[in-house]
There are 2 protein chains.
Amino acid sequence: MPDNQDREPIVIPKPTLDRLKLYHRLLNEVEQKHISSEEIAQRIGTNAEQVRKDLTFLKTMGKPKVGYDVETLRQELEELFGVKKTTKVILVGAGHLGNALVNYPGFENYGIEIVAVFDKDPKKIGSFIGELSVLPMQDIGRVVKRFHVEIGIICVPKESAQEVAEILVSKGIKGIWNFAPTRLIVPNDVFVVDEDMTQSLLTLKHYLEIKKKKIQESHQNAEKS
Amino acid sequence: MPDNQDREPIVIPKPTLDRLKLYHRLLNEVEQKHISSEEIAQRIGTNAEQVRKDLTFLKTMGKPKVGYDVETLRQELEELFGVKKTTKVILVGAGHLGNALVNYPGFENYGIEIVAVFDKDPKKIGSFIGELSVLPMQDIGRVVKRFHVEIGIICVPKESAQEVAEILVSKGIKGIWNFAPTRLIVPNDVFVVDEDMTQSLLTLKHYLEIKKKKIQESHQNAEKS
DNA sequence: AGATAATTGTGAAATAAATAACGATAAAAA
DNA sequence: TTTTTATCGTTATTTATTTCACAATTATCT
Ligand SMILES: NC(=O)c1ccc[n+]([C@@H]2O[C@H](COP(=O)([O-])OP(=O)(O)OC[C@H]3O[C@@H](n4cnc5c(N)ncnc54)[C@H](O)[C@@H]3O)[C@@H](O)[C@H]2O)c1
Ligand SMILES: NC(=O)c1ccc[n+]([C@@H]2O[C@H](COP(=O)([O-])OP(=O)(O)OC[C@H]3O[C@@H](n4cnc5c(N)ncnc54)[C@H](O)[C@@H]3O)[C@@H](O)[C@H]2O)c1
């Protein structure tokens, strides 16, 4: 059995990956043929060195005096994120948020197709959200098999989220997009991305707190002098 | 003019702040009187050293052999994030997502009160979302003044987001919670928190890509041997 | 009361990430 | 052509964050 460990895993650092996503978004909006690290930096709010460093994780190279070819870079990022491959997804929880998500056309551009919506509430089952009729929970297994579903979106109250996660895992789902404000416990090979909006709310509140403190302080300083 | 620069800013590092938010969420769910760094770590998915290090940015101290007093710690975090102070908020964009947000009762626990909803679509103006009737854009100034609104939520399509941000800023808003997938350009003293769901979608897609690569690789390795 | 065990707080070491520095290169100007 | 200029890729340096290690402290056990 020969060299098995020299296969470098070329893992992209998390902060870099987050910025690469922003570059990707930017390149989709840009008209020009070339773009410099400086311009990318300006438009996403970082510095050119950072951009160049980040792009070393990619194959695409820039040209001195010209910059990066927008289309080439865009395509490499698309591949990195696999947005061209359509991934089938189911959503559990046909409530307010589930409704918004199912009706959102923007996910298509990212290769996400919601193929079914599930809920446990008998009153919701059979009703329509967009084109999709809400299905009962016991249909999950069938749909997952039939459509080779890879991802599940959890849009149920936090109290039910773990329970739903376990159902999804038991039916073979390997990626979960979790909107419930709770940490899901899942097997190692299942990947969870949390979208906890209340967490970013705390960022906003914290900022207001700091600001208030600063104002107080400057008042006190004014008094002292 | 005396020492003005020795006032240490005691800035909490961003990664720490992000974890503190998770600790806060956890402490709200916990029943027991005390909790150890080890238990916090387990339940949010990090290690005990990290937890203890993070908590050095707070005043609350633990007791050897006992852990941290849940209530004390919870309250200090509440204060750090100002969740006890109610902040008045307006929302612009009475669409699918706006609807979900206005109907979400969970924000109350974080001291956020949505006091008005605005839209530019004449067909939506006057209709109700929950208790709130949708108001025309020209009323923003009045409402902001009257209720001392500090934060604006942007729930309009990305094409309109910058325009709306500028209106909000011009009316005195100092914090923006932006759901549109675009970077807003605002004055320095205005704080923007982006909630770009399509970005976390990319995390999920990227994970699937990596996974697929790994599977391919292991197949190739199997062939070779 | 003294020994033992659990758990903290923190400084030191290791790792990761960001920034700076700069030689190399391609295009544009002279 | 040669020179100048903009911009890149990469290595070195600095800064930030995490992990490690361990003395100090408090509760529990004998
Ligand atoms: N609405 C928002 O703006 C918002 C904001 C932040 C976070 N969230 C989170 O998103 C999640 C959904 O929020 P929402 O406002 O859509 O809630 P909702 O109450 O409107 O909808 C929840 C839906 O889940 C279904 N459900 C409950 N338990 C279930 C189970 N065990 N199996 C299957 N279906 C089940 C309910 O029947 C209901 O249709 C919640 O966890 C919430 O905390 C929502
Ligand atoms: N719905 C989702 O699940 C979802 C998911 C990810 C991101 N988003 C983002 O959130 C934002 C809102 O999405 P949505 O699905 O609610 O869209 P939507 O089309 O349902 O609603 C948008 C609302 O904004 C109003 N509007 C448009 N331009 C305006 C302006 N200049 N001033 C005031 N109001 C204006 C429209 O009249 C409409 O009521 C978008 O930027 C979208 O990309 C939504």
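What's counted below: heavy atoms across the whole structure, side chains too, no hydrogens, waters or symmetry copies. Residue numbering restarts at 1 for every chain, and letters A, B, ... go by the order of the sequence lines.
Rounding to the nearest 0.5 Å places CG of B:L22 at 9.5 Å from OG1 of B:T46. Atom-to-atom distance recorded for B:Q32:CD and B:L27:CG is 9.0 Å, nearest 0.5 angstrom.
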Side-chain donor-acceptor pairs of residues 81-93 of chain A under 3.5 Å, sequence neighbours excluded:
{"unit_1": "A:K84", "atom_1": "NZ", "unit_2": "A:E78", "atom_2": "OE1", "d": "3.1"}
{"unit_1": "A:K85", "atom_1": "NZ", "unit_2": "B:E209", "atom_2": "OE1", "d": "3.2"}
{"unit_1": "A:K85", "atom_1": "NZ", "unit_2": "B:E209", "atom_2": "OE2", "d": "3.2"}
{"unit_1": "A:T87", "atom_1": "OG1", "unit_2": "B:K205", "atom_2": "NZ", "d": "2.6"}

Identify every side-chain donor-acceptor pair in residues 101-115 of chain A under 3.5 Å, counting partners at least two apart or on other chains, and give the distances.
{"unit_1": "A:N103", "atom_1": "ND2", "unit_2": "A:N99", "atom_2": "O", "d": "2.9"}

Taking only distance into account, with no hydrogens and no angle test, what donor-acceptor pairs under 3.5 Å do side-chain atoms of residues 60-69 of chain B form with protein atoms, sequence neighbours excluded?
{"unit_1": "B:T60", "atom_1": "OG1", "unit_2": "B:E76", "atom_2": "OE1", "d": "2.3"}
{"unit_1": "B:D69", "atom_1": "OD1", "unit_2": "B:K33", "atom_2": "NZ", "d": "3.4"}
{"unit_1": "B:D69", "atom_1": "OD2", "unit_2": "B:E71", "atom_2": "N", "d": "3.3"}
{"unit_1": "B:D69", "atom_1": "OD2", "unit_2": "B:T72", "atom_2": "N", "d": "2.9"}
{"unit_1": "B:D69", "atom_1": "OD2", "unit_2": "B:T72", "atom_2": "OG1", "d": "2.7"}

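The list of salt bridge (charged side-chain N to carboxylate O under 4.0 Å, His left out) pairs with a residue in residues 177-186 of chain B, not counting sequence neighbours, is empty. Sequence neighbours left out, the pairs with a member in residues 36-47 of chain B that pass salt bridge (charged side-chain N to carboxylate O under 4.0 Å, His left out) are B:E39-B:R43. A salt bridge (charged side-chain N to carboxylate O under 4.0 Å, His left out) check over residues 44-62 of chain B, counting only residues at least two apart or in different chains, returns the pairs B:R19-B:D54. Sorted by first and then second residue, the side chain to side chain donor-acceptor pair (under 3.5 Å) pairs with a member in residues 166-176 of chain B read B:Q162-B:E166, B:K174-B:D189; sequence neighbours excluded.
Side-chain atoms of B:I173 and B:V169, non-hydrogen and from C-beta on, never get closer than 4.5 Å to each other. Between B:W177 and A:L201, the closest side-chain pair of non-hydrogen atoms falls below 4.5 Å.
Contacts between residues 17-41 of chain A and DNA chain C, defined by a heavy-atom separation below 4.0 Å, involve A:R19, listed by number. Listed by residue number, B:K63, B:P64, B:K65, B:V66 are the residues of residues 60-73 of chain B with a heavy-atom contact under 4.0 Å to DNA chain D.
Two residues, B:E49 and A:P13, neighbour DNA chain C, and the one matched to the more 5' nucleotide by heavy-atom proximity is B:E49. Mapping A:K53 and B:R52 onto DNA chain D via the closest heavy atom, the residue that lands nearer the 5' end is A:K53.
A donor atom on one side chain and an acceptor atom on the other are found under 3.5 Å apart for B:T203 and A:K21.
For B:S200, the side chain to side chain donor-acceptor pair (under 3.5 Å) partners are A:E195, not counting sequence neighbours.
Here chain B contacts DNA chain C (any atom closer than 4.0 Å to a heavy atom, that is under 4.0 Å), and the contacts span C:dA5 to C:dA12 from 5' to 3'. Chain B approaches DNA chain D within less than 4.0 angstrom (heavy atoms of the protein), and the contacting nucleotides run 5' to 3' from D:dT17 to D:dT28.
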